[in-house]
Amino acid sequence: MTWLDIPQDSPYGIHNLPYGVFSANDQPGRRRIGVRIGDHVLDAGAAAHGVGAPSVLLDADSLNPLMAAGHRTWREVRGALTEWLTDETHRPAVGPCLLPLAEVELHLPFEVADYVDFYASEHHATNLGRLFRPGSEPLTPNWKHLPIGYHGRAGTVVVSGTPVVRPSGQRKAPADAAPTFGPSRRLDIEAEVAFVVGTPSELGTAVPMSAFREHVFGVCLLNDWSARDIQAWEYVPLGPFLGKSFATSVSPWVVPLDALEHARVAPPARDVEPLGYLDDRGGEPWGLDIALEVTLNGHQVSRPPFAAMYWTAAQQLAHMTVNGASLRTGDLYASGTVSGPEPDTRGALIELTWNGEHPIKLPDGTTRTFLEDGDEVTITATAPGAEGSRIGFGEVTGRILP
């Protein structure tokens with residue numbers, strides 16, 4: 001399918017073509033739009049010039065101009081990239097624009113406008129409800145009527161590989177008479193899938209589920225680092241704040257939504273009938289069969305299945321704007337922790353260790369309940385692609401600093 005020498009089972013074949021932003025030694029101060037193909041990065045702007053089709057969108061130093069151009073342009077650019085990488089006649093012009101992945105530095109691929117994090121896994125919400133409210137209903141009364149979420153901090157969204165400094169704040173254990181201040185003792189992860197908005201919307205206008213593909217440019221992986229002790233003390237009554245806002249890591253590659261057409265599945269059966277603006281039973285199903293993997297210091301600790309998520313990204317977008325809130329190019333909204341029904345499919349340490357009661361045993365003989373300084377967490381994922389291919393999402397990695 002392509003004139004490049006790429007293994008047939010590569011998750012970065014011609015059916016994927018995720019976008020990123022990179023810099024290289026030949027022009028170290030310049031950030032360029034890249035497209036991953038195999039273990040190479042295509043300098044998209046240079047390739048466009050090489051084939052005689054220069055593009056101001058691909059010459060930009062971030063994905064925002066391309067994302068703002070809209071769905072029709074996204075498809076045209078993707079089609080052109082596919083042609084350049086499959087038509088042998090383009091090889092002389094495009095070949096020199098390919099750089100080895102190992103020789104480039106990857107950056108945050110877009111400028112984040114707003115950041116919203118949801119709470120869309122019934123398994124995750126049920127587990128946390130059992131931990132925090134034993135003896136009562138694990139799900140709050142509103143949970144199956146609307147996608148619960150909170151507004152995060154766009155300025156602390158960082159690209160994979162950025163170190164995460166252990167946050168400090170107020171902590172109060174149930175037995176403590178008063179709160180104390182200091183570094184978090186219960187630093188956690190949240191393995192998530194995030195959606196990147198391209199086309200904006202006007203203030204006062206809701207975006208229906210049917211317009212999902214017109215507004216969402218692509219998908220990336222996200223780790224919403226969480227200080228559980230800070231969060232537990234502060235979250236009543238207004239929800240997450242300092243326990244979440246210190247760092248949110250994203251993968252450097254944004255997989256185009258069109259690359260995930262073969263990953264679409266029906267969401268889980270729902271036992272509460274949703275209100276009209278969230279009722280997707282007669283429309284396009286936007287569940288996604290994305291298989292995540294979480295490793296701690298190189299050891300696999302979980303395999304969360306995104307297909308199990310109760311609320312879909314289309315429903316989340318509809319709910320996020322139903323009050324008239326506007327979308328901006330670069331808005332980032334995340335699924336919330338991805339957790340499955342089995343113990344080894346839970347996407348956060350608080351679930352995996354059951355709030356510290358059952359420590360994780362690592363191959364070096366040590367155990368973990370929550371993260372220690374020096375620990376490194378990596379989240380990867382794949383999804384079904386066209387013609388039996390697999391779609392890779394890259395990875396989101398972070399190491400904890402004291």
Side-chain angles (χ1 to χ4, degrees), residues 105-108 115 117 124 128 131-132 152-153 155-176 178-192 194 221-235 240-252 292-304 334 337-339 344 346-380 394-402:
E105 180 181 357
L106 299 174
H107 304 282
L108 191 66
Y115 167 54
D117 190 38
H124 175 68
L128 264 59
L131 286 170
F132 295 152
R153 194 166 196 146
T156 52
V157 175
V158 297
V159 73
S160 172
T162 304
V164 176
V165 176
R166 182 178 297 273
S168 293
Q170 291 192 27
R171 313 153 307 189
K172 182 184 178 299
D176 293 345
T180 59
F181 178 85
S184 171
R185 298 167 181 157
R186 292 181 164 236
L187 187 55
D188 199 356
I189 63 167
E190 289 189 341
E192 307 191 24
L221 301 180
L222 182 144
N223 187 347
D224 198 29
W225 306 90
S226 301
R228 299 298 184 186
D229 42 2
I230 297 173
Q231 180 185 1
W233 174 233
E234 73 178 0
Y235 87 102
F241 188 43
L242 300 183
K244 297 273 192 176
S245 62
F246 58 95
T248 300
S249 299
V250 295
S251 54
L292 286 76
E293 179 180 307
V294 181
T295 63
L296 173 56
N297 297 337
H299 173 63
Q300 180 183 295
V301 295
S302 181
R303 299 174 294 102
T337 303
V338 182
S339 290
D344 65 348
R346 296 167 180 168
L349 294 177
I350 193 170
E351 295 175 86
L352 288 166
T353 69
W354 208 247
N355 205 19
E357 292 182 17
H358 307 294
I360 295 172
K361 296 180 181 179
L362 298 179
D364 63 2
T366 62
T367 61
R368 293 291 187 279
T369 52
F370 293 93
L371 295 173
E372 297 183 4
D373 291 348
D375 283 347
E376 184 174 77
V377 176
T378 297
I379 303 168
T380 58
E395 65 178 40
V396 54
T397 297
R399 183 182 296 275
I400 306 303
L401 299 183

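Hydrogens, waters and symmetry mates play no part in the numbers below; they use all other heavy atoms, side chains included.
Under the 4.5 Å side-chain criterion, counting only non-hydrogen atoms from C-beta, Glu372 is not in contact with Ile400. A heavy-atom distance below 4.5 Å is not found between the side chains of Thr353 and Pro359. In this structure, the side chains of Glu192 and Leu292 stay at 4.5 Å or more apart for every pair of heavy atoms. Side-chain contact between Lys244 and Ser226 is present, with heavy atoms from C-beta onward closer than 4.5 Å. The shortest side-chain heavy-atom distance between Pro167 and Leu242 does not fall under the 4.5 Å cut-off.
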Show your reasoning for whether side-chain hydrogen bond (donor to acceptor under 3.5 Å, both in side chains) applies to Arg171 and Thr180. CA-CA 5 Å; Arg171 313 153 307 189; Thr180 59; 3.1 Å; yes

Report the C-alpha separation of Trp225 and Ile189 in whole Å, then their side-chain angles, then the decisive distance to 0.1 Å, and conclude whether the side chain to side chain contact (heavy atoms under 4.5 Å, CB included) test is met. CA-CA 5 Å; Trp225 306 90; Ile189 63 167; 3.8 Å; yes

Using the side chain to side chain contact (heavy atoms under 4.5 Å, CB included) rule, take Phe246 and Val165 through it: C-alpha gap first, then chi angles, then the decisive distance, then the call. CA-CA 8 Å; Phe246 58 95; Val165 176; over 6 Å; no

Could you walk me through whether Ile230 and Phe241 pass the side chain to side chain contact (heavy atoms under 4.5 Å, CB included) test, one step at a time? CA-CA 9 Å; Ile230 297 173; Phe241 188 43; over 6 Å; no

Show your reasoning for whether side-chain hydrogen bond (donor to acceptor under 3.5 Å, both in side chains) applies to Glu351 and Ser339. CA-CA 9 Å; Glu351 295 175 86; Ser339 290; 2.8 Å; yes

What's the verdict on side chain to side chain contact (heavy atoms under 4.5 Å, CB included) for Asp224 and Thr337, showing C-alpha distance, side-chain angles and the deciding distance? CA-CA 8 Å; Asp224 198 29; Thr337 303; over 6 Å; no

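Checked by atom type and distance alone, the side chain of Thr156 pairs as donor or acceptor with a backbone atom of Ser245 at under 3.5 Å. Of the possible donor and acceptor atoms, one in the side chain of Ser160 sits under 3.5 Å from a partner among the backbone N and O of Thr397. A distance-only check finds a donor-acceptor pair linking the side chain of Asn297 to the backbone of Glu376 [under 3.5 Å]. Looking at Arg186, its side chain never comes within 3.5 Å of a backbone N or O of Ala227 through a donor-acceptor pair. Side-chain atoms of Thr369 never come within 3.5 Å of backbone atoms of Gly356 as a donor-acceptor pair (strictly under, hydrogens ignored).
Here the closest non-hydrogen pair linking Glu293 and Thr295 is OE2-CG2, 3.6 Å. Nearest heavy-atom pair, Lys361 versus His299, reported as atom, atom and distance to 0.1 Å: O-NE2, 3.9 Å. Scanning all heavy atoms of the two residues, the minimum distance from Glu395 to Pro252 falls at O-CD, 3.4 Å.
If you run salt bridge (charged side-chain N to carboxylate O under 4.0 Å, His left out) between Asp188 and each of Arg368, Arg228, Arg346, only Arg228 comes through.
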